[in-house]
Student: 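The structure under discussion is supplied below as structure tokens; questions concerning it will follow.
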Amino acid sequence: MLAVFRAASAAPQLRRLYPFTSHFTLWFSSCTSYPWAVHGGAIRPLHTGGFTVHRRHPFTPAGQAATAGEAVAMAVGLLPPGPAPVIPPARGPAC
């Protein structure tokens with residue numbers, strides 16, 4: 001999973017979002033606390049190696065990737081145009 005974190009931090013589109021994990025899956029939110037405002041794809045490692053990338057709505061597989069870089073590229077491809085930067089909880093209403 002460390003490889004996915006490193007690959008995600010190299011993607012400028014994902015660096016604008018807050019990464020968090022839940023149920024062995026890496027998600028990207030524009031909020032830094034619950035309730036999350038999830039954007040793009042979620043990346044789940046497979047026990048056999050590789051990764052599955054899921055869409056957010058509906059939560060269905062978008063595809064599989066052999067490497068962390070491929071998984072991150074797929075997640076970036078699922079981002080809506082112009083995702084908002086991270087919003088800390090103290091900067092306004094709940095996300």
Side-chain angles (χ1 to χ4, degrees):
M1 196 68 167
L2 182 58
V4 174
F5 283 107
R6 287 183 177 154
S9 69
Q13 303 92 326
L14 295 180
R15 275 200 310 264
R16 296 175 57 185
L17 300 171
Y18 180 77
F20 70 97
T21 57
S22 178
H23 297 88
F24 305 105
T25 303
L26 177 62
W27 302 84
F28 302 94
S29 172
S30 60
C31 296
T32 58
S33 65
Y34 186 83
W36 309 110
V38 175
H39 297 276
I43 302 170
R44 182 175 54 91
L46 299 172
H47 70 280
T48 57
F51 304 89
T52 298
V53 179
H54 293 269
R55 290 178 178 82
R56 174 62 179 139
H57 292 293
F59 186 71
T60 57
Q64 291 192 345
T67 67
E70 292 172 0
V72 166
M74 288 176 68
V76 167
L78 293 172
L79 285 170
V86 169
I87 302 167
R91 284 189 60 196
C95 292

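Because only heavy atoms are used, hydrogens play no part in the values below, and waters and symmetry mates are left out as well, while side chains stay in. Remember, it's a predicted structure, so these values are computed and weren't measured experimentally.
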Student: With a 3.5 Å cut-off and sequence neighbours excluded, list the donor-acceptor pairs that the side chains of residues 43-56 form with protein atoms.
Tutor:
unit_1 : atom_1 : unit_2 : atom_2 : d
Arg44  : NE     : His54  : NE2    : 3.4
Arg55  : NH1    : Pro61  : O      : 3.2

Student: Extract all donor-acceptor atom pairs below 3.5 Å that involve side chains of residues 62-76 and protein atoms in other chains or at least two apart in sequence.
Tutor:
unit_1 : atom_1 : unit_2 : atom_2 : d
Thr67  : OG1    : Glu70  : N      : 3.2
Glu70  : OE1    : Ala66  : N      : 2.9

Student: Does the side chain of Pro19 come within less than 4.5 Å of Leu14's, by heavy atoms?
Tutor: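 Heavy-atom side-chain distance check fails, nothing below 4.5 Å.
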
Student: Between atom CZ of Phe5 and atom OG1 of Thr21, what is the distance when rounded to the nearest 0.5 Å?
Tutor: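 Going from CZ on Phe5 over to OG1 on Thr21, the span is 5.5 Å.
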
Student: Tell me every residue that passes side-chain contact (heavy atoms from CB on, under 4.5 Å) with Phe20, counting only those two or more places apart in sequence or in another chain.
Tutor: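 Checked Phe20 against side-chain contact (heavy atoms from CB on, under 4.5 Å); matches are Tyr18, Ser22, Trp27, Ser29, Trp36, Val38.
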
Student: Which atom names give the shortest non-hydrogen contact between His39 and Ser30, and what distance separates them?
Tutor: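 Heavy atoms only, the tightest pair is NE2-OG, 3.1 Å.
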
Student: Just wondering, are more than 12 heavy atoms of other shown residues or ligands nearer than 6.0 Å to CZ in Arg15?
Tutor: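 Buried by this count: over 12 neighbours within 6.0 Å.
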
